[in-house]
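Data first, discussion second: the structure below is written as structure tokens.
Values below: all heavy atoms of this structure, side chains included; hydrogens, waters and symmetry mates excluded. Chain letters run A, B, ... following the sequence lines, proteins first, then strands; residues in each count from 1. All figures in this text were calculated on a predicted structure; none of them were measured in a lab.
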Protein chains: 2
Amino acid sequence: MPTLQQLRYLVALSETLHFRRAAEECHVTQPTLSAQLKELEARLGVPLVERSRAKVVLTPLGRDIAARAKGVLRDMTEIVELARQGQAPLTATIRVGVVQSLGSYFLPLIVPQLRQRHPGLKLYVREGLPRALTGQLDDGALDLLFFPLPVPERNLVATRLFREPLLVVAPHDHPLAAQPDIAPADLRGETIMALEPGHQLYNQVRQLTEAIGADLSHDYEGTSLDTLRQMVAMGMGLSLLPALYVRSEVARETLVVARPMQGTPPARIIGMVWRKSSVRAAEFSALADTIRDIIATEVPEVAIMR
Amino acid sequence: MPTLQQLRYLVALSETLHFRRAAEECHVTQPTLSAQLKELEARLGVPLVERSRAKVVLTPLGRDIAARAKGVLRDMTEIVELARQGQAPLTATIRVGVVQSLGSYFLPLIVPQLRQRHPGLKLYVREGLPRALTGQLDDGALDLLFFPLPVPERNLVATRLFREPLLVVAPHDHPLAAQPDIAPADLRGETIMALEPGHQLYNQVRQLTEAIGADLSHDYEGTSLDTLRQMVAMGMGLSLLPALYVRSEVARETLVVARPMQGTPPARIIGMVWRKSSVRAAEFSALADTIRDIIATEVPEVAIMR
DNA sequence: CTTTTTGATAGATAAAAGCTATCAAGTCCA
DNA sequence: TGGACTTGATAGCTTTTATCTATCAAAAAG
């Protein structure tokens, strides 16, 4: 197989038809270029050059191969240029995974300002269930997750972004709806509905209901936040829903109301997660800082965490 | 600049996602592949691979560069294949030059059988004046000439193909038209027209007219064999034209006749000419032998020369 | 005819690519 | 849980390749 350097020498000779000038162009001595072209002819098994003192002529095959060599060298230059451009942070596409209970309520709040600050940013977003997302991150199909913390996987690392409180959501005609906020004691005896097990939210709601003596509903488990909201509207019980979901989908709702809890409300912590082996850790940390800045000014419903 | 071998390693790793398996595919040891990929990343200035014991993942840039590397390696394989196919003789195009007084009368006689014997043969034919043709051969714009001999240039070599006699061409009502052949003495006092100086034919006709006492016309010099024939038809004199031209253009003519000369008729020798530095000399010698064989059976008007 | 320039060759040197041996870390299995 | 096995990385050495300088024979130029 020829080497790229040999092709470079052939291309230079095809353009100059002079061994010494071609050598100068390639920044080597004339014997080097002469010997390397001989080696190239030996490797290919065909003469590429007619040599004489009077003038140098390429064989038809030599001319054809020189033309193709030009293309190969151009492609190599493009590879080098691609690498050079890729050195800038946030220029390669980021394949992002988000849990379904977060994505469409959170990303629209931050992406406009993110794009403003990083015009070259390209996000490829995929929603999914938590376990599927961590699997895809692990396999390399995704680069980054927006994900409730902690994450159980050992070869993933995370940085916290914000704490998202859970709000009590009740039918609009429920007695608690008349209060501006809810004491935990107010929930004693109430039926609380939650997402199915497998969600961080389920665990948090379970812990709370156990602590305050409310009843965690086992008759109905919502498959989505919307399902839970509709069940609350129908008077099948109360629920605890994330603040960003409430901002997006409940604030304009007339059949249900959302009330914050007094004291330290239950909350989930949302973070950014990537592979421990990722070479883009610095890039992602910088991205996290940028996102915190945006949240601080655009999303009062949650509390920044560092 | 990366090397082709480094690209080969990257492509193998992108396909196997396993350093040891990629090394096996490339027939090197795992430390060699590992080190060369590190060197590739250093040369490009960007990470291409995320490494961990659990699994190997390419960065987005790594994947993109691996895809482009695949294309480059494919182009290289095509160059090698092109060279392999070019090793067979008479597979590369032959750029042929012929003098205007020969080409269209000679090549149609031999090309059909040449193509029959060498189906892959590709000729690119260019007609021109003798000095222009030798210049283009010298410069490498042409590979081969069918040319009257001898050639004056020092760095060209020639091999004789055949001797082409010159025939006396006279108006059909000229007294000499009644004879089956012409003695040199019969031309004494006749006006003989010839091509302009610069043609071998001119020199030969001049030598003959000086030897036998005929008058070489200076009032009219033909720019082509057709012009000479038309002048003869108009009664402006006689001419001496090459046998192959006569076979092609005069034998069916009614206004003029052609008669061979007695004894050793004037003739021109036609040969194949190529550069002394040409690497295709053996190929062209073999071609000359083939052409002589064809002429022996197809062209009785000329005499083979070796 | 002498000088200059050409591409080729020989021998030496430097650089690169490859090897083996071995490492630390992670995975697998009993 | 601990030992065995596998992984990618590193160190040091060897082999191969690419480059150099010096010089050559031959051709061109003056």
Are side-chain N/O atoms of S285(A) and R280(A) paired as donor and acceptor at under 3.5 Å? no
Can you work out whether R20(B) or T29(B) has the more 5'-proximal nearest nucleotide on DNA chain C? T29(B)
Of the options dT9(C), dG7(C), dA17(C), whose atoms approach the side-chain atoms of H18(A) most closely? dG7(C)
Short side-chain N/O contact to dG7(C) OP1/OP2 from Y9(A), under 4.0 Å: no
Heavy-atom nearest nucleotide on DNA chain D for Q6(A) versus T32(B): which residue maps closer to 5'? T32(B)
Using five pairs at each end of the helix from dC1(C)-dG30(D) to dA30(C)-dT1(D) to define an axis, what is the angle between those two axes, to 10°? 30°
Answer with yes or no whether the side chains of R51(B) and S34(B) bring together a donor and an acceptor at under 3.5 Å. no
When you list every nucleotide of DNA chain D with an atom under 4.0 Å from a heavy atom of chain B, which one comes first 5' to 3', and which comes last? dT7(D) to dA28(D)
Have Q6(A) and Q36(A) got a donor and an acceptor in their side chains that come within less than 3.5 Å? yes
M1(A) side chain reached by R8(B) side chain, heavy atoms, under 4.5 Å: yes
Go nucleotide by nucleotide along DNA chain D from the 5' end; which of S34(B) and V28(A) gets its closest nucleotide reached first? S34(B)
Centres of the F162(B) and F106(B) rings: under 6.0 Å? yes
